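Step one of this worksheet: look at the structure below.
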Amino acid sequence: MRATGVLSGRRGRVAAGLLSACLVLTACSPQRPHRPAGAKRSAAATAPTPVGSAASAAASVAASAAAAPDVSRYYRQRLDWRPCREAASFRCTSVTVPLDYTRPERGDIRLAVVRHPATGPRAARLGSLLLNPGGPGVSAVDDVLSFADGFSPAIRAAYDLVGVDPRGVGRSDPVDCGTGTSPAALEAEEDAVGPGSGFALIAGACARSAGRLLPHVGTPDAARDMDVVRALLGDDRLGFLGYSYGSYLGATYAELFPSRVGRMVLDGAVDPGMDAFRATLGMARGYQVAWEAFAADCVPRPGCPVGGSLRDAGRVLDGLVAELDEASREGDGRGVPATGGDLLTAVTSALATPAWGGLRSLLREVQAGDAATRRLLLGTDDAGGPGEQSLAAINCLSSALGPRSTDAQTRAAVPEFRRAAPQFGAYYAGFLPMCAHWAARPTQVPHRISARGAPPILVVGTTRDPATPYDQARALARQLSSGRLLTWDGDGHTAYQQGSRCVDTAVDDYFLHGRLPADGTVCR
């Protein structure tokens with residue numbers, strides 16, 4: 001149902017850093033909620049006044065929202081729905097929003113929107129359910145086109161399933177830095193200059209090629225865009241399903257527009273009060289926990305590729321990483337070599353799914369394969385593609401998402417990361433300089449989001465979620481004044497539609513009938 005863990009696709013140490021910042025707030029896949037009984041659908045709603053958080057840490061967000069000039073014209077545009085090229089049963093359109101909500105005269109950008117119309121009788125429909133699969137940088141349009149049929153018949157009957165590519169992402173005026181920088185060049189730069197220099201190359205390219213857009217792809221602007229889309233869809237309240245980073249986007253919307261929240265589910269939740277350093281450290285620890293759970297499951301199986309004990313499993317992975325790094329330094333002259341970082345990127349991606357058969361197969365093939373086979377298995381493509389660029393651009397506008405450690409701070413942090421995660425600590429410490437050279441400065445600081453006045457919001461957390469560890473879901477549910485936590489005692493990143501009938505039934509019941517699971521519910 002979703003792109004799990006890190007974004008699927010390009011590898012390489014630097015590309016992995018950007019992708020795995022599908023790390024610091026990451027994610028990976030989505031859907032949309034209910035309009036309470038009796039709520040009216042107004043065809044041309046006027047622009048509401050965003051409501052800012054009372055928390056002092058959120059004052060800048062609230063102030064910018066309150067100070068925004070009149071943008072009501074964006075709420076009055078007419079949408080031209082047409083059959084999508086990919087499937088005639090879906091409808092596609094675009095929405096115009098201001099580049100800068102504080103200065104709309106500076107120009108507009110366009111957002112791509114897709115809708116899978118509800119299949120049930122019109123009188124029984126509940127409105128629209130906006131879906132965000134996370135990343136940031138994953139296309140919600142592509143996700144809906146690919147996975148709408150994965151929802152239960154009851155959800156598809158009741159809701160229009162809607163995907164909006166956020167500003168800077170996918171089909172919506174994407175961040176395009178035009179780097180075309182190969183992993184080999186980035187590796188050489190890092191070896192010559194030091195950790196984080198590859199990030200500096202990408203940051204410089206983005207400043208040159210996408211500088212106009214970079215300051216305006218942050219999460220509060222994307223949340224304001226969602227409110228425009230909500231109104232144009234004719235919904236008085238926003239129905240929303242957000243995974244991973246999508247949970248942060250949904251919580252930000254609830255902070256700005258609490259009275260316009262409908263039925264909202266935040267799965268694989270991010271703690272908006274946690275800074276990027278602690279989130280990165282938590283992710284390293286989370287993947288260590290997931291690796292050890294995988295190893296414990298693997299060891300009793302015949303032919304387990306990581307040995308006969310948990311200690312063996314750590315040694316096997318460390319040995320493969322060292323072997324690949326040594327081979328990449330020697331090179332074979334026949335293409336970009338696979339590195340230890342490529343292997344760890346593939347492993348973290350596999351650990352984000354609750355089924356581990358693919359990871360066992362991958363490790364066996366890497367152990368047995370030659371250099372060419374390993375390149376193929378680990379996907380050493382060109383780095384710095386659009387998904388990675390969007391991820392960095394969005395994360396780096398929030399100091400809760402984008403780490404900005406200097407090289408010296410990064411080196412000093414490595415021992416702490418190694419203690420927390422022997423197999424993954426150094427790997428994740430390498431992401432700490434991700435935003436150190438980013439041209440656009442952060443516009444959001446870590447802060448608690450209470451969204452006081454919002455109706456009940458369902459937060460879903462998985463106990464061994466590696467990308468957004470369970471303590472983040474607990475923290476968000478506590479922060480939200482109307483939060484309710486649903487726990488899955490399971491593995492992998494996110495819980496809804498990941499194989500738990502208990503979770504799926506609880507979430508569907510909430511979307512369809514507004515019934516929250518009992519406080520303290522744990523699905524096993």
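Predicted, not measured: the structure shown is a model, and the values here were computed from it.
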Would you call R474 and D471 a salt bridge, using N to O less than 4.0 angstrom? no
Distance col, row R484:CZ vs L486:CG, nearest 0.5 angstrom, shows 10.0 Å
Taken to the nearest 0.5 Å, the spacing of T468 OG1 from H493 NE2 works out to 4.5 Å
Report yes or no: is the cationic atom of R115 (NZ for Lys, CZ for Arg) closer than 6.0 Å to the six-membered ring centre of W81, at no more than 45° off its axis? yes
Quick check on R364: does its CZ atom have over 12 non-hydrogen neighbours (other residues, nucleotides or ligands) under 6.0 Å away?
yes
Side chains of L458 and L485: does their closest heavy-atom pair fall under 4.5 Å?
no
message = Quick check against the 3.5 Å criterion: does S398 have a side-chain atom that pairs as donor or acceptor with the backbone of N395?
response = no
task = In plain terms, say whether D142 and R171 are close enough for a salt bridge, that is, a side-chain N and a carboxylate O under 4.0 Å apart.
result = yes
**Message:** Less than 6.0 angstrom separating the ring centers of Y427 and F424, yes or no?
**Reply:** no
Review point. Got D108 and V97 here, is their nearest side-chain heavy-atom distance under 4.5 Å?
Key: no
_Would the distance check show the side chain of S146 and the main-chain N or O of D143 forming a donor-acceptor pair, the cut-off being under 3.5 Å?_
no
Below 6.0 angstrom between ring centroids: does that apply to Y428 and Y287? yes
Could you tell me whether D271 and R278 have a side-chain N and a carboxylate O separated by less than 4.0 Å? no
**Study point:** Any side-chain heavy-atom pair of W488 and T463 under 4.5 Å
**Key:** no
To the nearest 0.5 Å, atom CZ of R125 lies from atom CG of D160 at 6.5 Å
Are D342 and T339 close enough that a side-chain donor and a side-chain acceptor fall under 3.5 Å?
-> yes
Review point. Is D173 salt-bridged to R110, going by a charged N under 4.0 Å from an acidic O?
Key: no
_Quick check: do I394 and V169 have side-chain heavy atoms less than 4.5 Å from each other?_
yes
Rounded to the nearest 0.5 Å, the CG atom of L249 sits from the CG atom of L266 at a distance of 9.5 Å
Exercise for the section: Verify, without hydrogens or angle tests, whether T93 (side chain) and D80 (backbone) share a donor-acceptor contact under 3.5 angstrom. Expected result: yes
Does any non-hydrogen side-chain atom of F294 lie less than 4.5 Å from one of R360? yes
Is a side-chain N or O of Q77 found less than 3.5 angstrom from the main chain of Y74, in a donor-acceptor match? yes
| query | In terms of side-chain heavy atoms, does T119 have a donor or acceptor partner in R156 at a distance below 3.5 Å? | reply | no
Check your understanding: Is it true that R230 and D235 make a salt bridge, defined as a side-chain N closer than 4.0 Å to a carboxylate O?
Key -> no
Legend entry - Note, Y248 side chain near T219 side chain (heavy atom, < 4.5 Å): yes
From the list D267, D508, T462, D504, side chain to side chain donor-acceptor pair (under 3.5 Å) with Y496 holds only for D508
Distance-only side-chain donor-acceptor flag, Y75 / D227, under 3.5 Å:
yes
Y253 and D225: side chain donor to acceptor below 3.5 Å: no
Query - Side-chain heavy atoms of R448 within contact of P272, under 4.5 Å - result: no
Practice item. Please examine the side chains of L111 and R167, heavy atoms only from C-beta on, and report whether any two atoms are closer than 4.5 Å. Key: yes
